[in-house]
Every structure is written in C-alpha cells, then in structure tokens.
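Reviewing the structure listed below.
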Amino acid sequence: SGFASRSNEGITVTGSARVEAKADNAVWPLNAEYVAPTQSVAVSKVGVAVDALVKYLTNGGIPSDAIEFGSVSAYPQEEWVNGSSTGRITSYRASRSVTVRTEDVNLVLKLSTNLGSLLETGINVSNYGPQYYVSKLSELRPELLKEAMQDARLRASSIVEATGGKVGNVMSVRSGPFQVTSPDSVDTSAGGFYDTMTIDKTITSTVTVVFKVK
C-alpha cells in the first residue's frame, strides 16, 4: 500500500505502518421512551422504563457512577390527514436518555447483546449501540509515524537502487490522517477514519516523503 514517483528534484514515496489495538473505553447511548394519551402518563411510564433500565445495568455489573441521565422531554403528537395537521393532539411522546461510560468494554458488549431480555418485559428502550474508543491513540502516533518513515525509506531505496542510484536526505515530509478501522477493513477517508463499532481495531498511519536521489 504505497506508491512512488521520481523527478529531477528527488523521489516521492508514501510509507505506511499499522498496529492492532483494542478499545479500552465504551460509550453506550440508550433512550427510554413512551407514548400515552396524556403527558403525565407518558412521563410516568418513562420513569418506570428508566428505573428498569438502570436496574438491568447495575445488576449486570455497571456501577451507578458510570451512568449519566439526560433531562426528561415530552411533546405532543398531532393528528395528520392527507399530509396536513388537523391541530388535534392525539398523544404525547416522552423520553429520557441514559448513557453508560466505562472502561469495561467487554461488559458493555455483553449487556448490549443481551438487552433483549429487558425489552421482552415490555420496557421500551432504544439501543443505539455501544461506541468503542482507543484512549491511548496519541501515545501510539509517534511510534507509528516512525515506522511509516522507515517504510518510506525502504520503498525509496528499493526503487532507486534498482536503477543504480542511492537515496539521500529527506527533502520534505507530509503526514497523512490516521485510519482507525475494524480488522481487515478497507475503509479510509481523506480526513481520517475512526470506526467505533468494534472493540478490535487496526490503526494505520501514512507519510509522504520526498528524498534526494544521488
């Protein structure tokens, strides 16, 4: 995964490096919601759903201080006929967000996978799926950039020596964005890519280097 071009000013080579890593932080957004004929009933039912959700989480091993709550919201739902509102309120939808933040990514994965056991009891909770992050990404960057530079020099040497030349000093270096993907993924982005769906990740860095040619 690299390329090179040669000109009178030198040779331009792209080097890359990658490392396998595991996420060590999880953010899991959930949302309890309920629709009822009156606002008070909708809000009350949301409270019941939140209590049941918190019980599921804490019984599963999530500490209470790892759970964050949003404010309760409720709004009317109007009747629509032929694409136009009649102005009549048919029901109220109430909701409250619950977010889990923890370093125990495997526990979050387990609880998210088994959330159906709570939903089967009639509790209405939207599961947006956990998001997994690597907190030590900044610590990995220097070593990855170093390895990418070494890869770029190796590529340049292979190309130049085949024509009887030698690679000289570095004329310029441009670092590309880091790509954090799931293993074996080919997802990339010009501005950098960050997969949050999986615990196992592959972190890739690239550098574009211009070497003098002797």
Side-chain angles (χ1 to χ4, degrees), residues 1-2 14-34 46 49-73 95-151 174-207:
S1 59
T14 295
S16 65
R18 65 173 53 193
V19 66
E20 304 302 319
K22 283 186 176 292
D24 54 4
N25 271 294
V27 178
W28 184 17
L30 299 140
N31 192 62
E33 55 188 6
Y34 200 86
V46 163
V50 169
D51 290 343
L53 175 58
V54 170
K55 182 179 179 180
Y56 170 79
L57 294 172
T58 54
N59 287 349
I62 299 293
S64 56
D65 59 0
I67 304 174
E68 300 177 0
F69 301 95
S71 58
V72 178
S73 63
S95 64
R96 189 177 192 185
S97 63
V98 177
T99 304
V100 176
R101 299 179 187 275
T102 179
E103 296 178 356
D104 197 338
V105 295
N106 291 317
L107 178 58
V108 167
L109 175 61
K110 176 184 175 182
L111 292 176
S112 176
T113 302
N114 296 330
L115 188 63
S117 62
L118 175 64
L119 303 181
E120 288 174 354
T121 65
I123 299 300
N124 191 10
V125 174
S126 296
N127 179 12
Y128 300 112
Q131 301 167 359
Y132 302 105
Y133 299 92
V134 179
S135 64
K136 298 181 180 181
L137 185 58
S138 59
E139 299 176 16
L140 296 173
R141 283 194 175 102
E143 185 62 29
L144 279 173
L145 289 173
K146 177 182 177 181
E147 293 178 7
M149 280 291 297
Q150 294 171 343
D151 181 59
R174 186 176 72 252
S175 174
F178 277 69
Q179 313 288 342
V180 182
T181 65
S182 58
D184 302 319
S185 171
V186 295
D187 290 327
T188 59
S189 172
F193 187 88
Y194 202 125
D195 169 76
T196 61
M197 302 286 290
T198 59
I199 294 177
D200 295 315
K201 301 181 188 299
T202 298
I203 304 173
T204 305
S205 69
T206 60
V207 291

Not counting sequence neighbours, which residues clear ring-ring contact (aromatic ring centres under 6.0 Å, His included) with Y194? List them please.
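Once residues adjacent in sequence are excluded, the partners of Y194 under the ring-ring contact (aromatic ring centres under 6.0 Å, His included) criterion are Y133.
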Going by atom type alone, with no hydrogens or angles, which donor-acceptor pairs under 3.5 Å involve a side-chain atom of residues 52-59 and a protein atom two or more places apart or on another chain?
from	atom 1	to	atom 2	distance (Å)
Y56	OH	L111	O	2.7
Y56	OH	N114	O	3.3
Y56	OH	L115	N	3.4
T58	OG1	V54	O	2.9
T58	OG1	K55	O	3.3
N59	ND2	K55	O	3.3

Within this structure, what is the [atom1]-[atom2] distance for the pair [X] and [Y], rounded to the nearest 0.5 Å?
X	Y	atom1	atom2	result
N25	Q131	CG	CD	12.0 Å
S16	L144	OG	CG	10.0 Å
R141	K136	CZ	NZ	15.0 Å
S205	K146	OG	NZ	13.0 Å
K201	S185	NZ	OG	10.5 Å

Show me the donor-acceptor pairs, under 3.5 Å and distance only, between side chains in residues 121-130 and residues at least two apart or in other chains.
from	atom 1	to	atom 2	distance (Å)
T121	OG1	L118	O	2.5
N124	ND2	E33	O	3.3
S126	OG	E33	OE2	3.1
N127	OD1	W28	NE1	2.7
N127	OD1	G129	N	3.0
N127	ND2	S112	OG	3.3

Determine, stepwise, if the pair F178 / L140 fulfils side chain to side chain contact (heavy atoms under 4.5 Å, CB included).
CA-CA 11 Å; F178 277 69; L140 296 173; over 6 Å; no
Side chain to side chain contact (heavy atoms under 4.5 Å, CB included) assessment of I67 paired with I62:
CA-CA 8 Å; I67 304 174; I62 299 293; 3.8 Å; yes
Verify whether one side chain among [X] and [Y] offers a donor that lies under 3.5 Å from an acceptor in the other.
X	Y	answer
S135	D24	yes
T206	T14	no
D200	T198	no

Step by step, work out the side chain to side chain contact (heavy atoms under 4.5 Å, CB included) result for E68 and V98.
CA-CA 6 Å; E68 300 177 0; V98 177; over 6 Å; no
If you look at every heavy atom in [X] and [Y], which pair is closest and at what distance?
X	Y	answer
T113	L109	OG1-O, 2.7 Å
T181	F193	CG2-CD2, 3.8 Å
V134	A23	CG2-CA, 4.0 Å
V108	A26	CG2-CB, 4.0 Å

Does R96 use its side chain to pair, donor to acceptor, with the backbone of A32 at less than 3.5 Å?
no
T202 and side chain to side chain donor-acceptor pair (under 3.5 Å): which single residue from Q179, R18, E20 fits?
E20
Determine, stepwise, if the pair L145 / V207 fulfils side chain to side chain contact (heavy atoms under 4.5 Å, CB included).
CA-CA 7 Å; L145 289 173; V207 291; 3.9 Å; yes
Assess whether atom CD of Q150 is packed by more than 12 heavy atoms of other residues, nucleotides or ligands within 6.0 Å.
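Yes, CD of Q150 has more than 12 neighbouring heavy atoms, counting only those of other groups under 6.0 Å.
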